[in-house]
Amino acid sequence: MVVAGRAKKVTTHTLQEMKRAHEKISMLTAYDFSLARLVDEAGIDVILVGDSASNVMAGNDTTVPITLEHMIYHAKCVVNAVDRALVVVDMPFGTYQGDSKLALKSAIRILKESGGHAVKLEGGIEIVDSIKRILTAGIPVMGHLGLTPQSIYKFGTYSVRAEEEEEAKKLMSDAHALQEAGCFSVVFEKIPADLAGEVSKSLEIPTIGIGGGPECDGQVLVLHDMLGITKQFSPRFLRRYASLGDTIDAAVKKYISDIRSGDFPNNDESY
Ligand code: KIV
């Protein structure tokens with residue numbers, strides 16, 4: 001914890017140093033002020049304002065419908081809470097693919113209107129032009145390879161990616177293309193652990209795994225999943241650190257029964 005412990009504010013440079021010092025990077029999602037504050041105070045290195053907000057916050061089946069305005073709103077709520085963590089904001093579907101000028105405009109809006117520190121984009125070689133143009137404005141970019149949920153309609157499933165040799169080779173070359181384009185880090189989602197380890201070793205930039213095994217330079221989970229708030233989603237890579245869904249259920253049931261029995265509010269809770 002030498003590098004992370006020294007950092008009053010985590011920057012992209014801190015993450016690079018952590019990789020060099022073999023210190024693991026911790027990352028979690030957050031979408032609102034209250035939870036972002038708790039996560040930041042607990043000492044997380046990176047907060048991702050993920051487009052998983054589309055599922056977790058809005059109840060959509062995919063990440064496809066979330067808009068730039070929604071992402072800016074969530075990112076601003078998180079930025080208002082954070083003192084130390086690096087805040088990375090997902091660029092939503094349709095705001096960067098196939099049009100590098102649009103990508104730059106979208107990234108500038110995210111940084112200017114939310115105060116976030118960096119953006120994350122899904123894809124490899126096909127989005128390198130967008131990444132390079134965003135970098136011309138001095139906006140740090142995180143990549144995302146493997147399972148890329150914005151392409152769900154292309155792949156049709158959320159299964160493990162890059163198990164076949166050809167796809168594994170493409171992932172290796174995409175990761176290097178992202179590094180050469182100037183990304184400061186890359187997320188590997190749901191790929192074989194051996195492949196993630198091999199690519200991580202071959203890169204200078206830190207890799208962050210979600211279902212990418214222990215040899216990635218850091219790990220990320222969706223906060224609501226690891227806290228046990230979203231109970232229906234349980235992929236193999238998910239470790240639950242709390243059962244807040246059950247805690248909330250019990251608390252709400254007790255509240256309802258206290259109202260019905262006349263126990264709440266009592267004299268001490270009244271004016
Ligand atoms: O949107 C998100 O939460 C993500 C993580 C799964 C990495 O992109």
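Count residues from 1 along the sequence. One-based numbering, in listed order, for ligands and for the atoms of each. These numbers come from a predicted model, not from an experiment.
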Does Val78 reach the side chain of Asp32, with side-chain heavy atoms less than 4.5 Å apart? no
- prompt: Does the distance from a Lys or Arg side-chain N to an Asp or Glu carboxylate O, for Glu189 and Arg161, drop under 4.0 Å?
  reply: no
(Q) Quick test of your reading of the model: are Asp40 and Arg84 salt-bridged, counting only N-O distances below 4.0 Å? (A) no
Lys/Arg N to Asp/Glu carboxylate O, Lys170 vs Glu165, below 4.0 Å
no
Under 3.5 Å, side chain of Ser114 to main-chain N/O of Gly116, donor-acceptor pair present? yes
Enumerate, one pair per line, all nitrogen or oxygen atoms of ligand 1 lying under 3.5 Å from a protein nitrogen or oxygen, stating the separation to 0.1 Å; write 'none' if no such pair exists.
from: ligand 1; atom 1: 1 (O); to: Asp51; atom 2: N; distance (Å): 3.2
from: ligand 1; atom 1: 1 (O); to: Asp51; atom 2: OD1; distance (Å): 3.0
from: ligand 1; atom 1: 1 (O); to: Ser52; atom 2: N; distance (Å): 3.0
from: ligand 1; atom 1: 1 (O); to: Ser52; atom 2: OG; distance (Å): 3.2
from: ligand 1; atom 1: 1 (O); to: Asp90; atom 2: OD2; distance (Å): 3.1
from: ligand 1; atom 1: 3 (O); to: Ser52; atom 2: OG; distance (Å): 2.5
from: ligand 1; atom 1: 8 (O); to: Lys120; atom 2: NZ; distance (Å): 2.9

So, His224 versus Phe233, ring centres under 6.0 angstrom or not? no
